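Data block below; observations after.
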Amino acid sequence: MSDNYIRNREGRIIAKYDGAWLRDGQGKLVAYYDSRNDVTRTREGRIVGKSDLRLFSLRKERPAK
């Protein structure tokens with residue numbers, strides 16, 4: 001079942017795919033995948049890298065415990 005939500009091991013929602021965008025658990029934009037140019041960008045527009053690295057960007061956004 002694909003519901004576009006990414007959950008942690010406890011079942012809590014940590015992110016959501018919203019089209020080409022990835023949103024964090026609070027609904028803030030994290031990253032955008034531009035399939036035409038095959039690059040991933042942050043919400044500020046900086047290039048993260050080639051290919052779909054939206055989940056990598058999510059990891060960088062989460063504060064360390």
Side-chain angles (χ1 to χ4, degrees):
M1 179 168 83
S2 176
D3 58 0
N4 293 335
Y5 290 104
I6 301 165
R7 300 175 187 271
N8 65 5
R9 290 181 182 171
E10 291 83 31
R12 294 178 50 191
I13 296 173
I14 59 171
K16 177 185 180 198
Y17 283 113
D18 189 11
W21 283 96
L22 180 72
R23 296 182 180 269
D24 65 2
Q26 287 84 32
K28 295 188 313 184
L29 296 173
V30 175
Y32 173 76
Y33 174 59
D34 182 6
S35 60
R36 182 171 289 205
N37 295 322
D38 194 32
V39 294
T40 302
R41 297 181 180 270
T42 64
R43 65 175 162 245
E44 293 87 17
R46 291 188 306 248
I47 294 176
V48 175
K50 292 194 76 62
S51 76
D52 189 359
L53 300 171
R54 290 180 285 183
L55 289 177
F56 180 74
S57 297
L58 178 68
R59 174 70 176 134
K60 287 187 168 189
E61 291 287 320
R62 298 188 69 197
K65 290 187 176 180

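Not measured: the values here are computed from a predicted model.
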**ILVMFWY network linking V30 to I6, side-chain heavy atoms under 4.5 angstrom** = yes
**Under the salt bridge (Lys or Arg N to Asp or Glu O under 4.0 Å) test, residues paired with D18 that sit two or more places apart** = R23
**Request:** For residues R41 and I47, report the shortest heavy-atom separation together with the two atoms involved.
**Result:** NH1-CG1, 3.4 Å
**Request:** Verify side-chain contact (heavy atoms from CB on, under 4.5 Å) between L22 and Y17, making sure each step is shown before the conclusion.
**Result:** CA-CA 5 Å; L22 180 72; Y17 283 113; 3.9 Å; yes
**Prompt:** Sequence neighbours excluded, which residues qualify as side chain to side chain contact (heavy atoms under 4.5 Å, CB included) partners of R12?
**Reply:** N8
**Request:** Kindly state each residue pair satisfying salt bridge (Lys or Arg N to Asp or Glu O under 4.0 Å) with at least one member in residues 47-58, sequence neighbours excluded.
**Result:** D52-R54
**Request:** Would you kindly confirm whether I14 and L55 end up in one hydrophobic cluster when ILVMFWY residues are joined by side chain heavy atoms under 4.5 Å apart?
**Result:** yes
**Prompt:** In chain order, what residues pass the side chain to side chain donor-acceptor pair (under 3.5 Å) check against Y33, with sequence neighbours excluded?
**Reply:** D38
**Message:** Looking at every non-hydrogen atom in both residues, tell me the closest pair between A20 and Y32 and how far apart they are.
**Reply:** CB-CE1, 3.3 Å
**Request:** Might you point out which heavy atoms bring T40 and A31 nearest each other, and give the distance in Å?
**Result:** CG2-CB, 4.1 Å
